[in-house]
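Okay, so here's the structure we're looking at.
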Amino acid sequence: MTASVRAYATATSCGQGESLEFRLEGPPEMGVAVHDATCDRLMLTTSVRGPSWRLDVPPDWPSSLYRARFVAGPPEPDVSVPRASGELPGTATSSDDEVYFVVRQAVPGTTSPILVSIPFATWQAYNRAGVPGESVYWTEQPDRAARVSFDRPGGGPPPERWEDGLLRWLGPAGYTVEYCSGLDLDLGLLSRYRLLVVNGHDEYWTAGMRDACEDFARRGGNIAFLSGNTCWWQIRMEGRTMVCHRDPVSDPIEDPRLTTVEWSSAPVSRPENALTGVSFRNGAGTWGPSMPLMREEPYTARFAAHWVFEGTGLTDGDKFGQGALGYETDAAEFTEIMGVPRVTCRDGTPPSFVVLATADLRHWSTCGQGGWATMGVFSLGRGTVFNAATVNWGNTLHDPVVNRITRNVLDRLSRPARPRWEVIGPAADIRALAAWRSTLYAVGADGGLLTRELCGQNLPWRPIGSGGGVICLDTPREAAAGLGTGLYGVTADGVLRYREAEAGPAEWTDVGPAPRGTIALAVHDGAFFAATSGGRLWTAPFGDLAAADAPVWRDIGDSGGAICLSGSNGRLYALGADGRVRTRLPVTGPEPWSDLCGAPGAAVLAAHAGLMVSAGGGRELMWRAVRKPAVRKPVAQKPTGP
C-alpha cells in the first residue's frame with residue numbers, strides 16, 4: 001500500500017527570488033513536481049524529506065499560479081495539473097498531496113499592467129465542505145466551522161475549477177499578466193497596475209481587500225470582474241486563520257463594521273454593489289443535481305452598440321454566451337423603460353452602472369435560487385469597473401462573443417485612459433439638444449420635444465409635447481432678473497422662447513427677439529449668447545432682456561464657426577461645421593476660442609456637469625468627459641553641423 005502524503009504551504013504567495021516553506025506529512029522520502037498551473041509547464045522535480053521543505057523560487061520563474069504535487073517515492077513529473085473538464089458537477093477535488101501557490105512579480109508591474117487575483121480565501125472556505133468543524137460549509141448547518149486554518153492540506157481549486165478557463169486562455173491569447181493571491185490585495189500592490197482581474201468564484205473578502213480595491217478604482221485603476229458571487233461574505237484574517245462566523249450573534253468582534261456576515265447584512269450594511277455593481281442577492285444559483293441547467297442559459301444583449309460589444313456583430317436582443325451563466329450569477333435591480341433596462345440603485349448599485357446584457361433566471365427558484373444575471377460597466381471614481389456577473393465566464397471563452405468581449409475589456413482597461421466619445425443611446429434625427437439637471441431635452445426632426453435621462457444607459461427618447469418651433473436649445477443653471485430656469489430656444493424667425501423643464505407637456509412663451517440669423521444658443525451666468533449664420537457671437541444679459549421692449553444684443557466677436565452652442569461650468573462650448581468642439585470664456589467681449597476635440601458627424605452639442613453630449617446627423621447619442629487637450633512637448637532636435 002502506497003503511503004499517503006499531506007502537504008501545505010506557509011503562505012499563499014511569494015515573490016520571485018524568495019523562498020516558500022512547505023510542511024509535509026508522509027514517508028521519510030518524498031518526490032515533488034512543480035508545474036505552472038496555467039500552462040502545465042514543468043518547473044521543478046526533486047526529492048525532499050519532511051517534515052518541512054523550503055522552495056527557493058528562481059528569479060526567472062514567471063509570475064503565475066503554481067501547483068506542487070508531493071508523492072511517496074520519486075517525483076512524478078508526467079502527472080499534469082487537473083483542468084476544468086466541462087463536466088458538472090466537477091471531479092478531481094484538490095487533494096491533500098497538492099499545494100497551490102502564487103509567485104508574484106519581484107517588482108510589480110514590470111512585465112504587465114494587468115494583475116490577476118487568485119481567490120485562495122474562497123478555496124479555503126470550501127476545503128472539507130460538509131465535514132463538521134472543518135469548513136465554513138454548509139451554510140445552514142450548525143456544526144459548520146467559524147474559523148478555519150490555512151495551515152492544513154487542501155484548499156486548492158474547487159471541483160468545477162471555475163478559474164481554470166481564463167488562466168489557461170490568457171497566455172495563448174497573447175496576454176502577459178502578473179498574479180497575486182487575493183490576500184495580497186492592498187493599495188501599495190494595486191497602484192503598480194492599471195487593471196485588476198477578479199476571476200471565477202471570489203466569494204470571501206476581508207475589509208482590507210475591499211478597501212484597497214475601492215481606493216484603487218477611485219484613484220483611476222480599473223477592475224474586471226470576470227466572476228460571480230463576488231465579495232459576498234466578509235471575513236477576517238487572524239494570522240493564518242480565516243474567521244467567518246456568518247452570524248452577528250456568534251461573532252465576538254467589538255467593531256460592528258468587521259462582523260463576519262454578508263457584506264449587505266447588518267451590522268455591516270455595506271452592499272458589495274458599491275464595488276462590483278451587482279450582487280448575488282439579486283442573482284441566481286443552481287446547485288447539486290440541477291447544476292447542468294447552467295448549460296442551457298444564454299445572455300441577451302441589451303446595449304449592443306456599447307464598446308464592450310465592439311466587433312461581436314450582436315444587435316440588441318441577440319442571445320450569446322450559452323453555458324457562461326452558472327452556477328451562481330450576480331445582478332443589479334433594474335426596471336424596464338420602454339424596453340430598456342435601467343438600474344434602480346435601491347440595492348446599492350451606483351447610478352453610473354450601465355446594463356449591457358441580462359438573463360432571466362427566475363425559473364432557477366425550483367432548483368436553487370431564482371434571480372437574474374446582469375452584465376454591466378460603471379464608473380468608480382476615476383476608474384472603470386466591468387462585471388461579467390457569472391462564475392463560469394472564463395470557462396466559456398471558446399464562444400467567439402465571450403472571447404471578443406473579454407478582449408475588448410482587457411485591452412481597453414489595461415491601457416492608459418484617454419477621453420473618447422462613448423455611445424449612450426441610439427441614433428436619432430436631433431435638431432437641438434440641451435441638458436438640465438439629470439435630464440436631456442431635444443427637438444426632433446418633426447419639431448416635437450423629446451426627453452430622456454442623462455446617463456450612460458441606451459434609453460430611448462420619449463416625446464413630451466411641442467418643440468415650440470425652436471431650432472436651438474440651452475438651459476441656465478440659475479434664475480436671474482425674473483427669468484427662470486428651464487428651456488430656452490430660438491425659432492427660425494428669430495424669437496427667443498421659454499418653456500419649463502417639465503417631464504410632460506408645457507406651454508412655450510415668448511421672451512423677446514434674438515439676433516437675426518441665430519442658429520445656436522447658450523445660456524450662462526445670467527446671460528444669453530447667440531451664434532448667427534454669419535459667424536458672429538452676440539450676447540444679452542438677462543436683466544437687459546427683461547427690462548427692454550426691444551433689447552439690443554451686442555456683437556462680441558466671432559462664433560468659432562458654431563452650428564451649436566452650450567454653456568457649462570464657466571465656459572462656452574461651440575460645435576463647428578467642421579466637426580470640431582471649441583471653447584472660450586463667457587465674457588461679454590472679444591475672447592479667443594480654443595480647440596478642444598473633434599466630434600465627427602455630430603450636429604448638436606450640449607455641455608453639462610463636466611460632460612459633453614452630442615448627437616444628430618444619423619449619429620448615435622454619445623458623451624465624453626471634458627478634458628483639457630494634452631500639450632505636446634516639443635521634441636529636442638539633435639545639433640547639426642560640425
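Note: hydrogens, waters and symmetry copies are ignored here, and every other heavy atom, side chains too, is used.
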TODO: Look at E336 together with R302 and state whether they make a salt bridge at an N to O cut-off of under 4.0 Å.
DONE: yes
Open item on the list: With a 3.5 Å distance limit and no angle check, can you tell me whether D474 reaches the backbone of V523 through a side-chain donor-acceptor pair?
Closed with: yes
Task: Short side-chain donor-acceptor distance under 3.5 Å, E203 and W233 - done: yes
Open item on the list: Pair V198, L226 - check side chain to side chain contact (heavy atoms under 4.5 Å, CB included), show working.
Closed with: CA-CA 6 Å; V198 176; L226 307 179; over 6 Å; no
- [ ] Please find out if less than 6.0 Å separates the ring center of H306 from that of F303.
- [x] yes
Task: cation_pi(R554, W538) dist<6.0 Å, angle<=45 - done: no
Open item on the list: Is it the case that the side chain of N408 and the backbone of V308 share a donor-acceptor pair, with hydrogens and angles ignored and the cut-off at 3.5 Å?
Closed with: yes
Task: Residue pair L314 / F320, side-chain heavy-atom distance below 4.5 Å - done: yes
All N/O donor-acceptor pairs, side-chain side in residues 524-531, below 3.5 Å, sequence neighbours left out:
| from | atom 1 | to | atom 2 | distance (Å) |
| --- | --- | --- | --- | --- |
| H524 | NE2 | G570 | N | 2.8 |

Open item on the list: Quick check: do V626 and L611 have side-chain heavy atoms less than 4.5 Å from each other?
Closed with: no
Task: Close side-chain approach of F386 and M375, heavy atoms under 4.5 Å - done: yes
- [ ] To the nearest 0.5 Å, tell me how far N199 CG sits from S117 OG.
- [x] 9.0 Å
Task: R580 and D578 ion-paired at < 4.0 Å - done: no
Task: Results of side-chain contact (heavy atoms from CB on, under 4.5 Å) for D493 - residues two or more places apart only - done: T491, V495
Task: Which atom of L473 lies closest to which atom of A434, heavy atoms considered - done: CB-CB, 3.8 Å
Open item on the list: For the backbone of G468 and the side chain of R497, can you confirm whether one donor and one acceptor N or O come within less than 3.5 Å of each other?
Closed with: yes
Task: Salt-bridge criterion met for R270 and D211 (N-O under 4.0 Å) - done: yes
Open item on the list: Quick check for you: to the nearest 0.5 Å, what is the distance between I464 atom CD1 and W461 atom CH2?
Closed with: 10.0 Å
- [ ] Go through the steps for R499 and E507 under the test salt bridge (Lys or Arg N to Asp or Glu O under 4.0 Å), then give the verdict.
- [x] CA-CA 6 Å; R499 179 197 190 275; E507 294 296 322; over 6 Å; no
Task: Which atom of A574 lies closest to which atom of L605, heavy atoms considered - done: C-CD2, 4.3 Å
Task: Carboxylate-amine/guanidinium contact E422 R624, below 4.0 Å - done: no
- [ ] Indicate the atoms forming the closest heavy-atom contact of G567 with L572, along with that distance.
- [x] CA-CD2, 4.2 Å
- [ ] Give a yes or no answer on whether the side chain of S566 reaches the backbone of A607 with a donor-acceptor pair at less than 3.5 Å.
- [x] yes
TODO: Could I get the full list of side-chain contact (heavy atoms from CB on, under 4.5 Å) partners for T344, not counting sequence neighbours?
DONE: E333, T335, R346
Task: Heavy-atom side-chain proximity of V354 to V343 below 4.5 angstrom - done: no
Task: Ring geometry between Y488 and F542 (parallel below 30°, tilted from 30 to 60°, perpendicular above 60°) - done: tilted
Task: Short side-chain to backbone donor-acceptor contact, Y441 and A501, under 3.5 Å - done: yes
Task: Worked verdict on E262 versus F280 for side chain to side chain contact (heavy atoms under 4.5 Å, CB included) - done: CA-CA 10 Å; E262 295 160 352; F280 185 58; over 6 Å; no
- [ ] Spell out, as yes or no, whether a donor-acceptor pair under 3.5 Å connects the side chain of T329 to the backbone of L325.
- [x] no
TODO: Please report the shortest heavy-atom distance between A304 and F309, naming the atom on each side.
DONE: O-CB, 3.4 Å
Task: Interatomic spacing from CG in L575 to CG in L596 - rounded to 0.5 Å - done: 11.5 Å
- [ ] Could you check if a side-chain atom of V340 sits within less than 4.5 angstrom of a side-chain atom of Q457, using non-hydrogen atoms only?
- [x] yes
TODO: Could you tell me the separation between the CD1 atom of I471 and the CZ atom of R431, rounded to the nearest 0.5 Å?
DONE: 11.0 Å
Open item on the list: Tell me whether N222 contacts the main-chain N or O of L195 through its side chain, where contact means a donor paired with an acceptor under 3.5 Å.
Closed with: no
Task: 4.5 Å side-chain heavy-atom contact, R420 and R412 - done: yes
Open item on the list: Can you tell me how far apart CD (Q369) and CZ (R362) are? Round to the nearest 0.5 Å.
Closed with: 13.5 Å
Open item on the list: Please report the interatomic distance CZ(R584) to OH(Y573), rounded to the nearest 0.5 Å.
Closed with: 13.0 Å
Open item on the list: Ignoring hydrogens and geometry beyond distance, is a side-chain donor-acceptor pair present between N229 and D330 at under 3.5 Å?
Closed with: no
Task: Criterion side chain to side chain contact (heavy atoms under 4.5 Å, CB included) on T230 and E272, from CA distance to verdict - done: CA-CA 8 Å; T230 307; E272 64 277 18; over 6 Å; no
Open item on the list: Taking the cut-offs as 6.0 angstrom to the six-membered ring centre and 45 degrees off its axis, would you call R536 and W553 a cation-pi pair?
Closed with: no
Task: Audit row: N282, S279, side-chain hydrogen bond (donor to acceptor under 3.5 Å, both in side chains) steps and yes/no - done: CA-CA 6 Å; N282 299 312; S279 171; 5.5 Å; no
Task: Among L459, I430, N458, L440, the one residue meeting side chain to side chain contact (heavy atoms under 4.5 Å, CB included) with L621 - done: L440
- [ ] Side-chain contact test, heavy atoms from C-beta onward, threshold under 4.5 Å: evaluate it for L196 versus F216 and give yes or no.
- [x] yes
Task: Working for side chain to side chain contact (heavy atoms under 4.5 Å, CB included), residues C213 and I223 - done: CA-CA 8 Å; C213 289; I223 306 176; 4.1 Å; yes
- [ ] Could you tell me whether the side chains of T583 and R571 share a donor-acceptor contact shorter than 3.5 Å?
- [x] yes
- [ ] Heavy atoms only: give me the nearest F353-T374 pair and the separation to one decimal.
- [x] CZ-O, 4.2 Å
Open item on the list: I'd like to know if the side chain of T475 and the backbone of A435 have a donor-acceptor N/O pair within less than 3.5 Å.
Closed with: yes
- [ ] Search all heavy atoms of T518 against all heavy atoms of C472 and return the closest pair with its distance.
- [x] CG2-SG, 4.3 Å
Task: D510 side chain to G512 backbone, donor-acceptor under 3.5 Å - done: no
Open item on the list: Could you check whether any side-chain heavy atom of V443 comes within less than 4.5 Å of a side-chain heavy atom of L449, counting everything from C-beta outward?
Closed with: yes
TODO: For the residue pair F334 and W372, categorise the inter-ring angle as parallel (less than 30°), tilted (30 to 60°) or perpendicular (more than 60°).
DONE: perpendicular
Open item on the list: For the residue pair W393 / T406, report whether a side-chain donor-acceptor contact shorter than 3.5 Å exists.
Closed with: yes
TODO: Determine yes or no for a side-chain-to-main-chain donor-acceptor pair under 3.5 angstrom, with N387 supplying the side chain and G376 the backbone.
DONE: no
